[in-house]
Amino acid sequence: MNYFINKKRSVIAHDYSMAMLAWLFSWWLRFNLEFPYFNWEMSIYVLPLILLVQGLVFNRFKLHRGIWRFASLPDLWNIFRASIIGTFSIALVLFISIRLEGIPRTVLILYPI
């Protein structure tokens with residue numbers, strides 16, 4: 001039983017770290033692979049909010065319960081939907097909270113990719 005709990009925790013940690021890397025990498029791409037890019041503080045400032053929203057979407061689509069050895073096309077479809085709905089949810093939450101000030105719109109386009 002302990003093995004499955006640790007495995008689930010590692011899957012969740014992986015998902016959160018990939019969401020974080022996708023967010024930071026989309027900013028990096030937006031500013032032509034330059035670091036530090038203009039307004040980089042904003043990307044770090046909203047990162048906890050991004051992880052919270054994306055984590056809720058991952059939980060809603062139950063992406064943490066699958067084992068990749070047995071992944072199928074419906075699993076891929078769920079990942080795609082979670083990515084798109086997560087991006088729209090993030091855009092909505094950022095619009096409500098900070099009016100998307102300091103967030104380039106192209107980052108929101110690059111994030112799910």
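Judged by a 6.0 Å distance limit and a 45° cone about the ring axis, R60 is not positioned over the six-membered ring of F58.
No single ILVMFWY cluster, assembled from side-chain heavy atoms under 4.5 Å apart, contains both L52 and V11. When hydrophobic clusters are built by joining Ile, Leu, Val, Met, Phe, Trp and Tyr residues whose side-chain heavy atoms come closer than 4.5 Å, directly or via intermediates, L33 is grouped together with I44. Taken together through direct or relayed side-chain contacts under 4.5 Å among Ile, Leu, Val, Met, Phe, Trp and Tyr, M20 and L56 form parts of separate hydrophobic clusters.
Listed for the S26 side chain is a donor-acceptor partner under 3.5 Å among the backbone atoms of A22.
Side-chain contact check for L94 versus I50: some heavy-atom pair is nearer than 4.5 Å.
Taken to the nearest 0.5 Å, the CG atom of D15 stands 11.0 Å off from the CG atom of L51.
Counting Ile, Leu, Val, Met, Phe, Trp and Tyr side chains that sit under 4.5 Å apart, directly or through other members, M18 shares a hydrophobic cluster with L21. Alongside I84, the hydrophobic cluster contains W77, F80, F88 (criterion: ILVMFWY side chains under 4.5 Å).
Just one residue in the list T87, I85, L92 forms a side chain to side chain contact (heavy atoms under 4.5 Å, CB included) with S89, and that residue is I85.
Residues W27 and P104 share a closest heavy-atom pair of CH2-CD, 3.5 Å. Closest heavy-atom contact between M42 and E101: CE-O, 3.5 Å. What you find for G86 and V53 is that their closest heavy atoms are O-CG1, 4.3 Å.
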Please set out all donor-acceptor pairs under 3.5 angstrom arising from side-chain atoms of residues 105-113, sequence neighbours excluded.
| residue | atom | partner | partner atom | Å |
| --- | --- | --- | --- | --- |
| R105 | NH1 | L100 | O | 3.3 |
| R105 | NH1 | I103 | O | 2.7 |
| T106 | OG1 | R30 | NE | 2.9 |
| Y111 | OH | Q54 | OE1 | 3.0 |

Inset, instruction - Apply side-chain contact (heavy atoms from CB on, under 4.5 Å) to the pair W23 and V46, showing each step before the final yes or no. - result: CA-CA 10 Å; W23 179 253; V46 297; 3.6 Å; yes
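The aromatic rings of W28 and F25 sit tilted relative to each other, their planes meeting at an angle between 30° and 60°.
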